[in-house]
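Since the structure is predicted, the reported quantities are computational estimates derived from the model, not experimental observations. Order of listing sets the numbers, starting from 1, for every ligand and every atom in it. Only heavy atoms go into these numbers, but all of them, side chains included; no hydrogens, no water, no symmetry mates.
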Amino acid sequence: MSFEEKSLQCSDCGATFTFSVEEQEFFQSKGYTNEPKRCSSCREARKSERYGSGGSGGYGYRSPRQMFPAVCAECGKNTEVPFQPREDRPVYCSDCYRKVRPSR
Ligand SMILES: [Zn+2]
Ligand SMILES: [Zn+2]
């Protein structure tokens with residue numbers, strides 16, 4: 001079975017994008033029967049959103065978290081934290097938090 005490039009319209013941004021031969025082969029190899037509904041950039045945006053960590057996106061449907069004013073235990077800067085600060089636990093500004101607790 002051979003494929004031809006198709007022009008599809010993105011259901012998210014309305015842009016016309018190409019459903020390339022490679023992608024069609026990929027879709028078929030995965031057993032997908034539907035054509036993609038979104039252009040690659042919208043797919044990327046959704047993917048990165050699903051895996052969290054902000055980044056690109058900007059959909060803004062998430063309700064803002066309540067922030068509590070706090071003073072950084074490291075540098076003394078005024079900051080805000082997404083939880084009620086407790087007397088017995090140090091609170092760090094985002095810069096110091098990264099220093100104090102490296103993510104890896
Ligand atoms: Zn799009
Ligand atoms: Zn700090």
Mind reading off the angle at the Zn ion (ligand 2) between the SG atom of Cys96 and the SG atom of Cys75, rounded to 10°? 110°
Considering the options Pro69, Pro85, Cys96, which one meets the side-chain contact (heavy atoms from CB on, under 4.5 Å) requirement together with Val91? Pro85
Report the angle formed at the Zn ion (ligand 2) by atom SG of Cys72 and atom SG of Cys93, rounding to the nearest 10°. 120°
How wide is the angle at the Zn ion (ligand 1) between SG of Cys42 and SG of Cys39, to the nearest 10°? 100°
Given Arg38, which partner from the list Gln9, Glu44, Arg46 fulfils the side-chain contact (heavy atoms from CB on, under 4.5 Å) test? Arg46
Answer yes or no: does atom CZ of Phe19 have more than 12 heavy-atom neighbours from other residues, nucleotides or ligands under 6.0 Å? yes
Do NZ/NE/NH1/NH2 and the carboxylate oxygens of Glu23 and Arg43 come within less than 4.0 Å? yes
